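In what follows, chains carry the letters A, B, and so on, assigned in the order in which the sequence lines appear, proteins first and then strands, with residues in each chain numbered from 1. Note that this is a predicted model, so its numbers are computed, not measured.
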Number of protein chains: 2
Amino acid sequence: MKNGKATIHDIAEKLQVTASTVSRALNNNPRISDATKKKVLKAAKELNYQPNNIASALRSGKSRLIGVVVPTANRNFFSSVIRGIEEIANSFNYKVVISQSYDDYEKEMQTIEALLNVQVDGVIASIGKTTENVDHFKKILKKGIPLVLFDRVTNELDVSQVVIDDYFGAFQATEHLIKEGCKRIVHFTSSQNINIYKERKRGYEDALLKHGIAVDPELIRFSKLQLEDGRATMQEVIDEKTSFDAVFSASDYSIMGAMQVLKENGYKLPQDVKLVGFGDEPFTSFTEPTLTTVNQKSIPMGNITAETFFEILNQKDQTNIISKKTILKPELIIRNSSLNQENI
Amino acid sequence: MKNGKATIHDIAEKLQVTASTVSRALNNNPRISDATKKKVLKAAKELNYQPNNIASALRSGKSRLIGVVVPTANRNFFSSVIRGIEEIANSFNYKVVISQSYDDYEKEMQTIEALLNVQVDGVIASIGKTTENVDHFKKILKKGIPLVLFDRVTNELDVSQVVIDDYFGAFQATEHLIKEGCKRIVHFTSSQNINIYKERKRGYEDALLKHGIAVDPELIRFSKLQLEDGRATMQEVIDEKTSFDAVFSASDYSIMGAMQVLKENGYKLPQDVKLVGFGDEPFTSFTEPTLTTVNQKSIPMGNITAETFFEILNQKDQTNIISKKTILKPELIIRNSSLNQENI
DNA sequence: GCCGTTTGAGCAATCGATTGCATATTAAAA
DNA sequence: TTTTAATATGCAATCGATTGCTCAAACGGC
């Protein structure tokens with residue numbers, strides 16, 4: 001017992017039994033008598049025994065580590081999902097290794113490689129914005145370990161997914177603006193290769209159509225949806241003298257940029273232009289006016305994602321896995337940026 | 001080579017050498033000839049060999065994992081520090097396991113326990129707000145692995161630390177307000193057990209004294225510095241009819257709360273009250289008026305923390321480690337919330 | 001009291017890579 | 001040519017826990 005670290009051998013020696021017996025006792029194996037188990041547990045406590053996860057991982061092939069890949073942890077949505085995942089993972093005595101892809105395809109590949117290298121037992125991921133080829137995810141499946149995707153998913157992979165109903169969220173948001181009297185609603189969106197933006201755009205369009213408003217392609221603007229993109233796009237729209245009375249953005253950051261530019265150009269909010277974002281980032285309640293946005297149910301999403309993960313992990317018959325798609329309902333959070341004066 | 005996973009033994013067999021030779025070749029051991037190394041590398045590539053980190057970790061005692069404990073990844077400051085740490089760690093071929101303590105003492109202990117359990121090679125941490133006893137950190141040291149603290153540190157542990165000069169940041173911020181004509185500056189702070197809040201308060205007080213303004217204990221308010229705390233405290237101050245012309249908060253979140261309450265109470269900003277926060281959270285440039293705040297140099301802090309970590313890790317003589325304290329200069333970011341009208 | 005069954009525990013191999021020591025080969029020095 | 005030294009590789013133990021198989025003791029049935 002050098003270095004203060006007790007091993008099962010130390011326990012075995014102390015008790016004059018073998019390491020196998022100790023191992024079985026600690027794992028509550030039925031082939032060990034209760035009396036022995038009790039003795040082992042007692043000795044383990046006395047020696048301050050801490051199991052060596054690495055040894056166990058090597059032998060059993062399980063590292064009790066889940067790799068989580070997100071574009072960035074520095075977004076309320078993602079960090080909340082991570083929190084939701086952690087809650088469940090910890091209850092299964094698993095640890096979470098968080099990796100950020102920074103929305104960069106190269107980095108995403110590297111990070112997955114690295115996760116596989118540390119021998120994670122599976123991966124939970126949300127795909128980066130610039131990722132179009134998903135071969136690196138196939139590597140995970142090839143290893144025969146679970147992969148669950150959330151939020152930014154792809155249909156090219158036959159894996160379980162957890163998403164919100166982006167279509168519904170966008171539909172609701174747009175309909176809300178229409179009910180507040182808007183008719184010329186600008187929509188900020190991003191690459192249509194990404195499911196969430198595609199769905200949100202579809203929801204936006206269908207809401208317009210439902211209320212007899214034609215979809216004007218002039219009003220649909222593509223960008224990366226960062227704050228700066230929101231600013232630039234908004235300025236463009238203003239400069240072009242395109243008529244509009246609202247903006248619905250697929251991201252809170254770009255609607256924030258739009259808000260800044262609108263104010264700088266002398267627009268009164270929400271009287272002249274009504275705004276709705278997507279994501280319910282904390283800052284949306286700090287702005288003036290406060291921003292209407294769509295809450296993505298991040299913690300439940302994390303919980304469900306992790307639960308799905310463990311379902312697959314614990315499945316007896318690994319050959320017969322059914323991939324399932326869970327869809328959560330988002331919630332429209334109505335604040336001042338989208339309301340008529342009399343309603344505020 | 002079952003299951004598609006090649007081991008050094010497969011390479012060895014293919015090349016008719018022993019596993020030891022392969023291992024040494026892969027690790028670029030000088031005792032192996034260049035010719036053999038080349039052959040091994042080639043065979044490794046052909047067999048798509050991926051080293052088994054777990055086996056390596058078991059034998060060498062190194063997991064190539066750093067545990068990072070932060071109160072929450074969902075704060076720009078912490079996620080940026082993490083990013084800074086990752087940059088360096090990856091360059092050393094190390095992975096980072098991020099753990100959130102959620103500013104909860106119990107959770108912090110558990111999380112450290114869990115990290116030690118997965119056999120991290122060392123820990124980088126920022127201490128939670130509710131933590132007063134640091135015995136769980138001593139466990140890390142007892143294991144003989146490096147521990148480096150950043151930002152929220154303690155002097156009870158003789159370990160390397162990386163912090164910003166909180167005193168200087170606060171001093172600058174306060175002096176700036178004074179130069180803008182403020183004389184009754186409220187200060188929001190938190191538990192004085194936490195180094196950063198203590199230092200910031202000291203900077204605030206010294207700046208006042210330097211300019212011949214007495215420190216009025218009435219103006220110093222203690223809370224947890226969340227948005228809600230900022231709101232509540234500000235309302236209190238207003239209700240008490242305490243006279244004040246500025247607020248300097250040790251946190252951006254609470255200054256945000258103060259801003260909201262001030263506006264609700266009809267104060268004109270920054271004319272009636274000037275505001276300065278601390279942290280340079282992204283939302284501080286979204287508010288109206290935009291918030292003056294102190295930037296904490298998060299990415300460099302992460303870089304330096306990780307570099308310090310590896311210095312210790314790679315130290316030959318582990319018995320003779322010198323703990324060092326690195327202090328970074330923060331930067332005052334002046335925005336509209338603290339400026340006189342004519343300066344905006 | 002004999003034999004088969006159940007129960008409890010030990011033996012030894014194994015997971016894959018690393019490493020101290022031994023050995024074989026070759027080159028250089030004497 | 002012999003000795004010495006350097007170079008290149010092999011052997012086998014090891015890290016700590018797990019697990020299939022074996023075996024001894026205890027027990028019960030007839």
Side-chain angles (χ1 to χ4, degrees), chain A residues 1-41 43-44 47-64 93 116-119 121 143-144, chain B residues 1-41 43-44 47-65 93 116-119 121 143-145:
Chain A
M1 196 175 93
K2 51 201 164 186
N3 209 5
K5 286 160 209 151
T7 70
I8 52 170
H9 295 97
D10 300 313
I11 300 178
E13 193 178 0
K14 175 164 180 165
L15 261 39
Q16 289 301 306
V17 295
T18 58
S20 342
T21 303
V22 174
S23 172
R24 291 199 176 98
L26 291 171
N27 288 305
N28 203 24
N29 187 308
R31 281 163 52 189
I32 300 295
S33 69
D34 288 346
T36 307
K37 279 181 190 167
K38 226 172 255 176
K39 276 196 293 184
V40 168
L41 255 20
L47 293 174
N48 188 27
Y49 168 75
Q50 296 290 118
N52 183 326
N53 276 270
I54 291 188
S56 158
L58 176 59
R59 183 66 233 261
S60 65
K62 306 252 137 266
S63 65
R64 305 195 85 79
N93 197 19
L116 292 178
N117 252 312
V118 299
Q119 242 78 10
D121 288 351
K143 272 220 165 187
Chain B
M1 195 174 95
K2 50 201 164 185
N3 209 5
K5 285 158 209 152
T7 71
I8 53 170
H9 294 97
D10 300 312
I11 300 177
E13 193 178 0
K14 175 164 179 163
L15 261 37
Q16 289 300 305
V17 296
T18 58
S20 345
T21 303
V22 174
S23 171
R24 291 198 176 97
L26 291 171
N27 289 305
N28 203 25
N29 187 308
R31 282 163 51 192
I32 299 295
S33 69
D34 287 347
T36 307
K37 279 181 190 165
K38 226 172 254 173
K39 276 196 293 183
V40 169
L41 254 22
L47 293 174
N48 188 28
Y49 168 74
Q50 296 291 119
N52 183 325
N53 276 268
I54 292 189
S56 159
L58 175 60
R59 183 66 234 261
S60 65
K62 306 253 136 264
S63 64
R64 303 195 86 80
L65 247 33
N93 198 19
L116 293 178
N117 251 313
V118 300
Q119 241 79 9
D121 288 352
K143 272 219 164 188
I145 60 178

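Annotation: salt bridge (charged side-chain N to carboxylate O under 4.0 Å, His left out) contacts of A/Lys37 (sequence neighbours excluded): none. For A/Lys39, there are no side chain to side chain donor-acceptor pair (under 3.5 Å) partners two or more places apart in sequence or in a different chain. Contacts of B/Asn117 classified as side chain to side chain donor-acceptor pair (under 3.5 Å), with partners at least two apart in sequence or in another chain: A/Asn53. Considering only residues two or more places apart in sequence or on other chains, A/Asn52 meets the side chain to side chain donor-acceptor pair (under 3.5 Å) condition with none of them.
Within the 4.0 angstrom heavy-atom criterion, only backbone atoms of the sugar-phosphate kind lie near B/Asn27; the bases stay farther away. Within the 4.0 angstrom heavy-atom criterion, base atoms lie near A/Ser23.
The shortest distance between side-chain heavy atoms of B/Leu41 and B/Leu26 falls below 4.5 Å.
For CD of B/Glu13, the number of neighbouring non-hydrogen atoms (other residues, nucleotides, ligands) closer than 6.0 Å is 12 at most.
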Letter by letter from the 5' end, nucleotides 4-11 of chain D scores (B base, S sugar-phosphate only, - none; protein heavy atoms under 4.0 Å) ----BBBB
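For the 3.5 Å distance criterion, the side chains of B/Ser20 and B/Ser23 fail to qualify, holding no donor opposite an acceptor.
Remark on the helix from C/dG1-D/dC30 to C/dA30-D/dT1: inter-end axis angle 50°, axes from five-pair C1' superpositions, rounded to 10°.
Take the nearest nucleotide of DNA chain D for A/Leu26 and for B/Ala55: the residue whose nucleotide is more 5' is B/Ala55.
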